[in-house]
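Below is one structure, written out as structure tokens; the observations come after it.
Order of appearance sets the numbers: ligands from 1, and atoms from 1 within every ligand.
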Amino acid sequence: AKSAGRNNFQFFAAAMNKRVCEHLELENRLRQALARDELSLHYQPQYDLASGRLSGCEALMRWHNPVLGQVPPDKFIPIAEDSGLIVALGEWALGEACRQVMAWHAAGLPLLPVAVNVSAVQFRHADLAGQVARALRRSGLPAQLLELELTESVLAENLEQIGATLQRLKRLGVRLAMDDFGTGYSSLSYLKHFKLDTLKIDRSFVSDLPNGDDYAALTIAIIGMAHSLGMTCIAEGIETAAQHDFLRWHGCSHGQGYRLSRPLSAQALGELLQRSTAA
Ligand code: C2E
Ligand code: CA
Ligand code: CA
Ligand code: CA
């Protein structure tokens, strides 16, 4: 038994070691990704569910490394957060998303609202409001077309400091969205207190619709609450016609998901914009 224990430990140590090495390798390569132009943004269309019209898009980061290939955000964003690299990556994403919307516009397409994900680390360690102001100024994007998606973890931070940053952002005129709503611990009073504009119903609720009874009841309650607070409500992760119908029927104003469109390259979203204006 003793030697089996030792073997287990060796196995465990080797596995740990491998994980640490992988993590360090990813971190080192990520450190160079910006300078080497390996990052891009894809844009997932968002729709007005009642009219079916394109209403905006969410910018999602993509990393293609020549050695590692395509690395999914669920893998590299946490590493970027732990290492502090997210501050630079996040600033790049803000600038790039604003620039892209104005580039579509310069090509004769309509101005499309864009949502950018912002990590809690960016609130803690960066002059986020300053970065947002610069991105708007450099691109010329009207502030009300930019929405910042925050997760509930942001509100778990030092509330005084967060409150001051959120106020500065509101004063700039950008919109604020609560992402992944229903998965964290945020108190409902925060939604009102911080004057958030949009509530995004997390995919885990949507994926159980329409038959998961508890989730269906909760989803209906969230939609009603968002609207009674005067917030826009976006359901994410809509994959089936039944989910789409359920949300539309219960008055959810907006949605996004594979059923409506996958995230698209800037080029492909430009073509979609072109088609939706021609129609
Ligand atoms: P998120 O903000 O909740 O973004 C939605 C994720 O769901 C995206 O994954 C999107 O591609 C995926 N998705 C959209 N529709 C569907 C659907 O119908 N079904 C399913 N199963 N998935 C769908 P992605 O692009 O892999 O991003 C994962 C997460 O990484 C994001 O979750 C966000 O938390 C983070 N992330 C991505 N880009 C950024 C960024 O620029 N900054 C920060 N801080 N985080 C980012
Ligand atoms: Ca998001
Ligand atoms: Ca989300
Ligand atoms: Ca998520």
Nearest option to atom 41 (O) of ligand 1, as decided by whichever heavy atom of Met61, Glu81, Gln44 sits closest: Met61

Proximity to ligand 1 by part of Pro263, non-hydrogen separation under 4.0 Å: side chain

Side-chain (Asp202) to main-chain (Thr183) donor-acceptor, under 3.5 angstrom: no

Ligand 1 to Gln122 polar contact by distance, N or O atoms, under 3.5 Å: no

Part of Ile77 within contact of ligand 1 (heavy atoms, under 4.0 Å): side chain

Backbone N/O of Val101 and side chain of His105: donor-acceptor pair under 3.5 Å: no

Check: Gln46 main-chain N/O paired with Ser55 side-chain donor or acceptor under 3.5 Å: yes

The Ca ion (ligand 2): protein N, O or S atoms [distance under 3.0 Å]: Glu58 OE2, Asn117 OD1, Glu149 OE1, Asp179 OD2

Glu239 and Ser207 side chains, donor-acceptor separation under 3.5 Å: no

Which of the ligand 1 atoms, numbered from 1, are nearer than 4.0 Å to a heavy atom of Ser119: 44 (N)

Any Gly237 heavy atom less than 4.0 Å to ligand 1: yes

Which segment of Ile238 sits under 4.0 Å of ligand 1 when only heavy atoms are counted: backbone

Pair Glu236-Arg203, salt bridge (Lys or Arg N to Asp or Glu O under 4.0 Å): steps then yes or no: CA-CA 5 Å; Glu236 41 177 22; Arg203 185 168 81 223; over 6 Å; no

Which of the ligand 1 atoms, numbered from 1, are nearer than 4.0 Å to a heavy atom of Glu58: 2 (O), 4 (O)

Glu38 CD to Gln32 CD distance, which is reported to the nearest 0.5 Å: 8.0 Å

Glu239 neighbourhood, listing ligand 1 atoms whose heavy-atom distance to it stays under 4.0 Å: 17 (C), 18 (O), 19 (N), 20 (C), 21 (N)

Side-chain donor-acceptor contact under 3.5 Å, Glu58 with Gln44: no

Polar atom proximity, Glu149 to ligand 1 (N or O, under 3.5 Å): no

Check: Gly257 main-chain N/O paired with Ser261 side-chain donor or acceptor under 3.5 Å: no

Option whose closest heavy atom lies nearest to atom 5 (C) of ligand 1, chosen from Glu236, Arg259, Arg262: Glu236

Donor-acceptor contact present, side-chain Gln100 to main-chain Ala97, <3.5 Å: no

Polar side chain donor-acceptor pair, Gln167 to Lys195, under 3.5 angstrom: no

Under 3.5 Å: donor-acceptor pair, side chain of Gln161, backbone of Phe123: yes

Main-chain N/O of Thr232 paired with Ser253 side-chain donor or acceptor, under 3.5 Å: no

Distance-only side-chain donor-acceptor flag, Thr198 / Arg175, under 3.5 Å: yes

Under-4.0 Å heavy-atom contact with ligand 1, by part of Gln243 that carries it: neither

Sub-4.0 Å atoms of ligand 1 with respect to non-hydrogen atoms of Asp180: 3 (O)

Atoms of ligand 1 close to Pro73 [distance to a heavy atom under 4.0 angstrom, numbered from 1]: 24 (P), 25 (O), 26 (O), 27 (O), 30 (O), 37 (C)

